[in-house]
Amino acid sequence: MSEHQLVIEAGRGERHYWRDLWRFRELLYFLSWRDILVRYKQTVIGVAWSVIRPVLTMIVFTVIFGKLAKFPSGNAPYAILVYAAMLPWQFFANALSESSNSLITNSNMISKVYFPRLIVPCSAVIVSLIDFFISFVVLVVLMAWYRFLPSWQILLVPLFLFQALIAALGFSLWLSALNVKYRDFRYIVPFIVQFGLYVSPVGFSSNVVPEQWRLLYSLNPMVGVIDGFRWAILGGDAQIYWPGFLLSNGLMVLILGGGVWYFRKTERIFADII
Amino acid sequence: MSDTVIKVENLGKKYILSHLADKREQLFSSLLVNKAKSFFNGGKKVLSSPLSLHSPSTSSTEEEFWALNDVSFEIKQGDRVGIIGRNGAGKSTLLKILSRITEPTKGRITIDGRVASLLEVGTGFHSELSGRENIYLNGAILGMSRVEIKRKFDEIVDFAEVERFLDTPVKRYSSGMYVRLAFAVAAHLEPEILIVDEVLAVGDAEFQKKCLGKMEDVSNKEGRTVLFVSHNMGAIERLCDRAVMLENGRTKFAGETRTAIQMYSGNLQESMNSSDISSLSRTGSGAVILTSFSLENGEGNNVISTSSGETVVLVFGYKCPEQTVKRNVSLGFSLHNSVGDVLSLFYSDYAGSTFEISNYEGQIRCKIENFPFSLGQYFVGTRIVINGIEADWPRGYVGSINVESGDFYKHGTFGNAGLGPLLLSGDWDSR
């Protein structure tokens with residue numbers, strides 16, 4: 001009996017929160033599963049959509065930056081240089097767009113059932129992660145096509161993926177919580193995503209950024225993630241700019257920490273204002 | 001079996017009502033504008049209007065509203081407790097706090113045991129997914145584990161009677177099937193405490209009966225505690241052994257169900273404009289003046305609400321300014337719905353009754369057995385004639401009758417309450 005004792009008081013949500021989060025872990029699985037099942041229902045080419053978008057963007061960027069502007073790509077084919085960055089970027093962008101609206105689209109559940117609300121944006125991020133894995137298959141195809149053999153560093157991709165996950169989660173928590181109160185973020189997020197594609201080193205290597213600006217450039221946390229992916233996939237040629245890499249990482253941890261804090265702070269009034 | 005499982009102490013919930021045109025979507029711009037205003041005023045707080053009489057810290061467009069205030073009660077293990085009260089009394093807010101959807105502003109609740117709440121049937125159902133998929137999804141949302149759902153799966157499908165449609169997307173389900181499936185999942189939760197909002201308002205009579213039965217089972221056989229909110233006094237009376245009555249966010253009564261229901265009915269009476277009929281504008285000769293209207297139940301007690309199928313007596317009081325004998329007096333009354341349509345008109349002479357009156361004052365009474373109106377509020381108009389000549393016709397309603405769902409058909413079914421005002425009885429056969 002007493003193991004389930006629950007006290008409800010103003011400002012006392014904390015106590016069981018993390019335990020509840022663990023208890024509801026299956027809900028995380030089911031929500032992600034639902035979104036994946038529903039996602040491509042009544043579409044003709046279905047899951048191919050998650051491949052087509054990054055591939056088309058990759059082609060456009062390769063033509064514009066590689067062939068027309070003739071940016072350097074080291075010894076790797078320009079297409080792989082772009083696609084290696086496209087993978088984490090697409091994951092980050094999808095996670096942001098999906099999760100920022102996730103609380104609103106699930107508002108019905110939020111106003112009728114209790115569960116740790118953190119699950120909702122997290123499941124949106126997981127759905128984007130699935131898309132990432134599908135797109136990753138294309139990278140393998142692309143490497144085979146160019147007969148490009150990656151070095152041992154590719155084994156470190158999961159590490160950088162984890163880094164991308166932290167970044168996506170941090171921003172998602174902020175944006176989803178803010179979107180509940182200020183629906184302006186519905187319009188801000190697409191803008192961030194579009195703008196971010198050009199200020200992040202997706203279409204070009206971050207080596208083209210002048211040395212004195214690199215640290216400033218690394219304030220964009222995706223710079224660290226993308227550089228890491230390139231280093232792991234393209235091999236030794238793409239160098240990691242360590243001060244920037246550490247700065248990016250530090251920022252991401254701060255954003256995630258702040259995101260959890262802000263989400264937890266506003267979560268208790270979600271049902272009242274959604 | 002007398003352990004307290006839920007203890008609510010001085011519970012309060014405050015909402016801030018903002019009187020902006022659109023309060024649901026707060027705009028970032030208003031925040032920015034306020035920040036900018038205070039910036040340009042050197043950090044001083046800005047009064048939102050020069051006429052504002054409020055303290056500077058609260059904007060004149062905001063108002064506090066206590067949806068719940070000082071609510072306290074206790075619930076013991078195995079109790080089936082009804083929560084009643086008029087719309088806006090705070091029932092839903094209370095349930096939301098008990099289910100941890102929203103936080104209280106003050107006070108404290110102690111709950112011993114796992115709580116499952118069912119504030120809506122089919123929360124989280126996705127119309128594109130099949131019945132099978134939705135059972136798993138909905139189960140998870142309500143807090144069941146995958147293993148638990150798998151174990152109960154056949155039972156759920158049996159209860160919902162949807163075997164044939166398990167792999168059809170629920171968007172193609174009839175609304176009845178949808179509701180049955182949704183309730184079935186919830187009914188197979190195994191919490192120690194089950195909180196149920198007005199979910200029985202949906203679904204047909206057969207299904208409602210099944211749900212009530214299931215809830216009785218849950219409590220009787222399995223010893224679980226059930227909290228049940230409804231406007232259906234029949235269902236409350238049948239299911240609950242105790243009741244809590246809320247009024248304007250406060251506990252008005254907590255205790256025995258019958259008393260609570262009587263209070264609820266009396267409460268309605270209080271809230272109704274106990275209309276002084278004599279002040280209404282009227283036409284007629286004035287030989288007899290109608291003075292009051294009231295309702296009695298079959299036992300002769302004053303009531304304000306009744307249930308479909310109950311016995312009810314409409315009592316009209318009158319006085320005569322002149323004490324002469326009046327013969328061939330007929331009184332009629334009409335019942336109207338909320339938009340004023342006449343639903344029925346009944347003069348005593350239709351039933352062959354005319355009266356001879358000579359007293360200074362008295363009552364004319366009409367007893368109706370098996371009251372044939374369904375859930376709703378009905379308004380009463382009246383007129384009295386002597387020898388076919390209008391003596392008094394108060395313009396406007398002299399009162400109203402609140403009707404709760406009841407056992408009109410004497411079969412334990414409530415019919416489709418609210419779909420039509422009038423309940424018919426008849427003999428059915430097939431040849």
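To find a chain, count down the sequence lines: A is the first, B the second, and so on, and within it residues start at 1.
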Subject >> Region of T110(B) that comes under 4.5 Å of a non-hydrogen atom in chain A >> reply: both
Original post:
If every non-hydrogen atom of I141(B) is compared with every non-hydrogen atom of V113(A), which pair is closest and at what distance?
Top reply: O-CG1, 3.4 Å
Original post:
At a heavy-atom separation under 4.5 Å, does K7(B) approach chain A through its side chain, its backbone, both, or neither?
Top reply: neither
**OP:** Heavy atoms only: give me the nearest R34(A)-L137(B) pair and the separation to one decimal.
**Re:** CD-CD2, 3.5 Å
**OP:** Measure distances from S145(B) to the heavy atoms of chain A and classify the residue's part below 4.5 Å as side chain, backbone, both or neither.
**Re:** both
**OP:** Could you pull out the closest heavy-atom pair between A271(A) and T102(B), with the gap in Å?
**Re:** CB-CB, 4.4 Å
**OP:** Please tell me if the side chains of L37(A) and H126(B) come closer than 4.5 Å, counting only heavy atoms from C-beta onward.
**Re:** no
Subject >> Under 4.5 Å from any heavy atom of chain A - which part of L98(B) >> reply: backbone
Original post:
Is any side-chain heavy atom of I110(A) closer than 4.5 Å to a side-chain heavy atom of I101(B)?
Top reply: no
**OP:** Answer with side chain, backbone, both or neither: which region of D35(A) has an atom nearer than 4.5 Å to a non-hydrogen atom of chain B?
**Re:** neither
**OP:** Search all heavy atoms of R100(B) against all heavy atoms of Y114(A) and return the closest pair with its distance.
**Re:** O-CD1, 3.1 Å
**OP:** Mind ranking E133(B), K13(B), M144(B), E9(B) by heavy-atom pairs under 4.5 Å with chain A and telling me who comes out on top?
**Re:** E133(B)
Subject >> Reported CD1-to-CG distance for the pair I6(B) and L6(A), which is rounded to 0.5 angstrom >> reply: 10.0 Å
Original post:
Less than 4.5 Å apart, any side-chain heavy atom of E26(A) and any of I149(B)?
Top reply: no
Subject >> Taking every non-hydrogen atom, the tightest pair across M109(A) and G124(B) >> reply: CG-CA, 3.8 Å
Original post:
How far apart are the closest heavy atoms of I8(A) and P104(B), and which atoms are they?
Top reply: CG2-CD, 3.7 Å
